[in-house]
Student: 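Below you will find the structure I want to go over with you.
So you know, we letter chains A, B, ... as the sequences are listed, proteins then strands, and number each from 1.
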Protein chains: 2
Amino acid sequence: MAQKEAQQRRPSIHDVASHAGVSAATVSKVLSGVTTVKPENAQRVLDAVELLGYRVDPLASDMRRAKRRIIGAIMPEFESEFFGQMVSELEGLAEQRGYTLVAASSRESEAREKEILARMHDWRVAGVVLAPVRNEHGPAAAFMKANGMTGVLIDRVLADDAFDTVSADSAAASAEVARALVGMGHRHVLVVGLGEQAATVRARLEGFRRTALELAPDIRIDVVLCESDVGPLRALLHDYFSKGTERPTAVYSLFLKGTLVALSEFRRRGWHCPNDISLVGFDDAEWMQVTWPAIAAVVQPVREIATNAMEVLFRRIEGEGGPPTARLEPCKVLMRESVGSPGSVPHSGGGDRQ
Amino acid sequence: MAQKEAQQRRPSIHDVASHAGVSAATVSKVLSGVTTVKPENAQRVLDAVELLGYRVDPLASDMRRAKRRIIGAIMPEFESEFFGQMVSELEGLAEQRGYTLVAASSRESEAREKEILARMHDWRVAGVVLAPVRNEHGPAAAFMKANGMTGVLIDRVLADDAFDTVSADSAAASAEVARALVGMGHRHVLVVGLGEQAATVRARLEGFRRTALELAPDIRIDVVLCESDVGPLRALLHDYFSKGTERPTAVYSLFLKGTLVALSEFRRRGWHCPNDISLVGFDDAEWMQVTWPAIAAVVQPVREIATNAMEVLFRRIEGEGGPPTARLEPCKVLMRESVGSPGSVPHSGGGDRQ
DNA sequence: ATGAAAGCGCTAACAG
DNA sequence: CTGTTAGCGCTTTCAT
């Protein structure tokens, strides 16, 4: 037999009503916690609900309401630990308030990002958490603005004049990385990154540069940056090291993919961290503490970002006014074995134990 | 001004109808591609749609239809590359057919899994792609069965008598790993894994054992397996190596987390792959080819699993009958530098180039 | 304290 | 070819 036929018609609110001998309106009241119902009737409703296994149809319910209890989340991708954790956190937070999270991935495309947003608008979502592909000036944010949608911008954004923003404090973290590297004696650092249009990537670069130059005015900072995909970056980095310029003593990657590309390039050349070159990357990942050497990384406060984003989003949904806020959450910097003093012997021991 | 007030009321189908001077029904027909509409009127409708920026409300539309154009996806977690890719693929596939994917994570909890499924049922999803926490015998699958839901089971499942299943051919991949390790001379292998209740983990273990014993009847296969979380596994593995039994020449991890735990344990003991011990893991990850040594891994055919799962799911949604099918997609085994012959010098060179 | 009535935005059956 | 009618399952006035 086809599964299709097994699809039972679920009991509706009217079924419950007739079983309880009341009207649908009363059932609705009981279920939404209105107290003006005679206790006896309320009980009969509850019994009928139990008996029939009735559950409200959230879509039908939202239909009649002003706002639908759906939150949209748009992430550049689902494949990385960072955005995976983010979706997971947002999901839990939305659930806590009785909302459903509908997540979609823009696949690093601004065109797709806008399309998804339009679809979310079609769904009449109550609010959107948008992690833009580039920054706050993309077509998606413009669309949200134009259509009066409520939303929060996270991650690749620092501040906006129309929406609240929440992201990691990239500049501060980069400054800390700079302090660490300069403190260890590095005077020639390569900064490598993807997405030069991303506000945060620029903040990461500038945060590093400013502090490094402050502490060591003679420091040499090379920069290999490209927009778009990881492929070109790989080529650029290869060229950089092939040019025969003096080899930097450390590489600071502003992006997870950059860290991978850097490692890959080191492999190809047979360089080992930290003897031949040091490496720190923005974005931590589980594997970074089990490899040898363990890779130093800036840990973004995913949970804090998610929590604050949802908090401010729900305040807006509930109609709170006021100018947009811009939050920056502090990162943690984990200096692991991939970083050492230039020209020194590697230090021994494991990565961070847990 | 509060963002809330900026929320414009979107044009409804009636707005379009009156602008075009036709009825709502006609608008609906034009938009759903019914050809029996006078071209002139159709054009006026299209113009009005354009003018007003009208878009169908998918929820309202689904309300009236028999089945809602929503596919539910339930994954054990969102944080890993594997499930991230899976959600991404499923999202694209659902979109292609005009469906929306609503993904949720069970967080490795069977209780939560069932709750989510109930919520999906409340949403009247047309179908569900379920990657069960353990196997096909969990409460979630039972719930689906009991409620006549349409669905496919993927990943941690081999076959089922009620639902179609699609997963990686774990046994074949494990056999290939066995052939490789035995072929290189390994005669003492530790197999380590999480989730002994998962059908696939058992298949991976047995696939390995059978082939290994066939090729080398004298081989010693130790097994460290535990249900539940990664913490206990770490402890078990530590105990295993501390017991002073002879050290195996290779470790085969049946699960990504197991690979991480194994690496972490090797670190702690100062063992290097492949000189001190070889390592192969089920599940590939991007980082595995950039570390030194690159980590050998079994690559699951995510895209194929997703594609076939969606294909069979939509066939069921469209009412196709017949007994449940069970598909197994072949994996690829990438023997990288973490594997070598026992007691030999490490081979030189990079990981897989791209 | 309760129910009848009126929709939310849309589609499907059926007359015309 | 088109419009009317009747809902999908629910919530919300508004009388009673």
Student: Should the pair B/E95-A/R112 be classified as a salt bridge under the 4.0 Å nitrogen-to-oxygen rule?
Tutor: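 Looking at A/R112 together with B/E95, the answer is yes, because their closest N to O distance falls below 4.0 Å.
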Student: Can you tell me how far apart CZ (B/R44) and NZ (B/K38) are? Round to the nearest 0.5 Å.
Tutor: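 Rounded to the nearest 0.5 Å, the CZ-NZ separation comes out at 9.0 Å.
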Student: Given side chain to side chain contact (heavy atoms under 4.5 Å, CB included), test B/V128 with B/V125 step by step and report yes or no.
Tutor: CA-CA 7 Å; B/V128 170; B/V125 296; 3.7 Å; yes
Student: If you walk 5' to 3' along DNA chain C, what is the first nucleotide with an atom under 4.0 Å of a heavy atom in chain B, and what is the last?
Tutor: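 Reading along DNA chain C, I get C/dG9 to C/dA12.
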Student: Return a single string for nucleotides 8-16 of chain D, one symbol per nucleotide in 5' to 3' order, where B is base contact, S is sugar-phosphate-only contact and - is none, cutoff 4.0 angstrom on heavy atoms.
Tutor: BBBBB----
Student: Under a 4.0 Å N-O cut-off, is there an ion pair linking A/R119 with A/E113?
Tutor: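 Salt bridge: no.
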Student: Among B/L31, B/V45, B/D15, exactly one meets side chain to side chain contact (heavy atoms under 4.5 Å, CB included) together with B/Y54. Which residue is that?
Tutor: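 It is B/L31; the other options fail the test.
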Student: Check this for me: does any side-chain nitrogen of one of A/R316 and A/E318 sit under 4.0 Å from a carboxylate oxygen of the other?
Tutor: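 Here A/R316 does not pair with A/E318 in a salt bridge, since their nearest N and O are not under 4.0 Å apart.
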Student: For the pair B/R134 and B/E108, find out whether any cationic side-chain nitrogen is under 4.0 Å from an anionic carboxylate oxygen.
Tutor: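 Result for this pair is no, no salt bridge flagged.
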